[in-house]
Engineer: 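Have a look at this one before I ask anything.
Note that this is a predicted model, so its numbers are computed, not measured. Letters go in sequence order (proteins before strands), and every chain restarts at 1.
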Number of protein chains: 2
Amino acid sequence: MAKIKASSHEKNFDESEHNAQGRDMANCPVTTAINVIGGKWKVIILYQLRGQTLRFGELKRVIPKITQKMLTQQLRELEKDKLVKRVVYAEVPPKVEYTSTELAEKLNPALDLLCAWGSEYEKAHQSE
Amino acid sequence: MAKIKASSHEKNFDESEHNAQGRDMANCPVTTAINVIGGKWKVIILYQLRGQTLRFGELKRVIPKITQKMLTQQLRELEKDKLVKRVVYAEVPPKVEYTSTELAEKLNPALDLLCAWGSEYEKAHQSE
DNA sequence: CTGTATCCTTAGAGATACTG
DNA sequence: CAGTATCTCTAAGGATACAG
């Protein structure tokens, strides 16, 4: 995929210049959204956490092909972006639970539409 | 951003293994959708082409910070993914027009929701 | 169990120059 | 006008080993 920095909220348009009467709306927050959920495993993790709390190991088991490093990293970013809440229990052995936040749940309608569109897309391409 | 191959429709789940009763739906086509529109400039280009045909140079002018190389590359991928139609006129000087396809227009509702969510996200983070 | 820390490979992306 | 062709840099992501 593209190189999308997690913390990059940079504008892709130079608003200072008269930008040839292009649609300034193009710089609407879709780009922000894509930046936030565009990570390779983000939507997958988010999906698993829909209305459900999971431990680190459970997530790992449910997403077998993700590495520990990536799981940790993506979770940290999601946490920083306030899409996931992380709760550490002071036990031994350690126990950490991940839950999706309100903000994340608000994403669901959009994800559902994307999911539906993805199906259409796959249908349109399955002939190849 | 994440590394998302344009042509990668690989499964991120190992369906052969009993995957710890994880939600198989997690591997729903959201991931496909993200792969297709996750490119750094894709949604921006798509937005500019909403219900409107533009020439290469017009796109370049409207998205000043994109390089020619990236514009060409992203357009080629969108074309391959059947989201954009490319029409070349046999004139001199050359003239090439880009139009969004039906499939691309079907994405709009999802993009609108993402846009709305992006605004919420920005609000929730502006305090920082 | 839930992580770090390293090392490594690649793909994404920018800059620049050139062309039919 | 609408692109290629190179070159380079960086960051995303994977593999593996180690640790509280």
Engineer: Would you indicate, yes or no, if dA2(D) has its OP1 or OP2 atom less than 4.0 angstrom from a side-chain nitrogen or oxygen of Arg76(B)?
Structural biologist: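 Result: no.
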
Engineer: Just checking, any donor-acceptor pair under 3.5 angstrom between side chains of Ser100(B) and Glu105(B)?
Structural biologist: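 The criterion, which ignores hydrogens and geometry beyond distance, is satisfied for Glu105(B) and Ser100(B).
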
Engineer: Round to the nearest Å and state the distance from Gln73(B) atom CD to dA5(D) atom C1'.
Structural biologist: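 Atom CD in Gln73(B) sits about 13 Å away from atom C1' in dA5(D).
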
Engineer: Thinking salt bridges, do Glu97(B) and Arg86(B) make one under a 4.0 Å N-O criterion?
Structural biologist: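 Salt bridge: no.
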
Engineer: How long is the line joining CG of Leu54(B) and C1' of dA2(D), in whole Å?
Structural biologist: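 Value for this atom pair: 15 Å.
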
Engineer: For Lys69(B), enumerate each residue passing the salt bridge (Lys or Arg N to Asp or Glu O under 4.0 Å) test, keeping only those at least two apart in sequence or located in another chain.
Structural biologist: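 For Lys69(B) there are no salt bridge (Lys or Arg N to Asp or Glu O under 4.0 Å) partners, ignoring immediate neighbours.
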
Engineer: Does dA2(D) have OP1 or OP2 under 4.0 Å away from a side-chain N or O of Arg61(B)?
Structural biologist: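 So the side chain of Arg61(B) is outside the cut-off, no N or O lying under 4.0 Å from OP1 or OP2 of dA2(D).
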
Engineer: For Tyr98(A), answer base if it contacts any base atom (sugar-phosphate contacts may also be present), sugar-phosphate if it contacts only those atoms, and nothing otherwise; contact means non-hydrogen atoms under 4.0 Å.
Structural biologist: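 Sugar-phosphate, backbone atoms only, no base.
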
Engineer: Measure from CZ on Arg86(B) to C1' on dA2(D) and round the result to the nearest Å.
Structural biologist: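 To the nearest whole Å, that distance equals 8 Å.
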
Engineer: With a 4.0 Å cutoff (strictly under), does any side-chain N or O of Arg55(A) reach OP1 or OP2 of dT2(C)?
Structural biologist: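 So the side chain of Arg55(A) is within the cut-off, an N or O lying under 4.0 Å from OP1 or OP2 of dT2(C).
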
Engineer: Can you give one letter per nucleotide of nucleotides 14-20 of chain C, 5' to 3': B if a protein heavy atom sits under 4.0 Å from the base, S if only from the sugar-phosphate, - if neither?
Structural biologist: BB----B

Engineer: Looking only at the side chain of Pro93(B) (C-beta and beyond, no hydrogens), which of the listed nucleotides dT4(D), dC1(D), dA13(C) gets closest?
Structural biologist: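 In terms of side-chain proximity for Pro93(B), the closest of dT4(D), dC1(D), dA13(C) is dC1(D).
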
Engineer: Taking Ala116(B)'s backbone N and O only, do any of them form a donor-acceptor pair with Glu120(B)'s side chain (distance below 3.5 Å, no angle check)?
Structural biologist: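 Not confirmed, Glu120(B) side chain does not pair with Ala116(B) backbone.
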
Engineer: Any salt bridge linking Arg76(B) with Asp81(B)? Criterion: basic side-chain nitrogen under 4.0 Å from a carboxylate oxygen.
Structural biologist: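 So Arg76(B) does not pair with Asp81(B) through a salt bridge.
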
Engineer: Rounded to whole Å, please give me the gap between CD1 in Ile63(A) and P in dT2(C).
Structural biologist: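 Taking atom P of dT2(C) as the reference, CD1 of Ile63(A) is at 14 Å.
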
Engineer: For Phe56(A) and dT4(C), give me the distance from atom CZ to atom P, rounded to whole Å.
Structural biologist: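 Distance check: Phe56(A) CZ to dT4(C) P gives 8 Å.
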
Engineer: Tell me: CD of Glu91(A) to C1' of dC1(C), nearest whole Å?
Structural biologist: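 Rounding to the nearest Å, CD of Glu91(A) and C1' of dC1(C) are 11 Å apart.
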
Engineer: Once you round it to whole Å, what is the distance between P of dC1(C) and CG of Leu75(A)?
Structural biologist: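 Taking atom P of dC1(C) as the reference, CG of Leu75(A) is at 17 Å.
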
Engineer: With Glu102(B), which residues qualify under salt bridge (Lys or Arg N to Asp or Glu O under 4.0 Å), at least two apart?
Structural biologist: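 Glu102(B): no salt bridge (Lys or Arg N to Asp or Glu O under 4.0 Å) contacts found.
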
Engineer: Keeping the roles fixed (side chain from Trp117(B), backbone from Asn108(A)), state whether a donor-acceptor pair exists under 3.5 Å.
Structural biologist: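 Between the backbone of Asn108(A) and the side chain of Trp117(B) there is no qualifying donor-acceptor contact (under 3.5 Å).
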
Engineer: Would you kindly give the CD-to-P distance between Gln74(A) and dG3(C), to the nearest whole Å?
Structural biologist: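 Those two atoms, CD and P, are 14 Å apart.
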
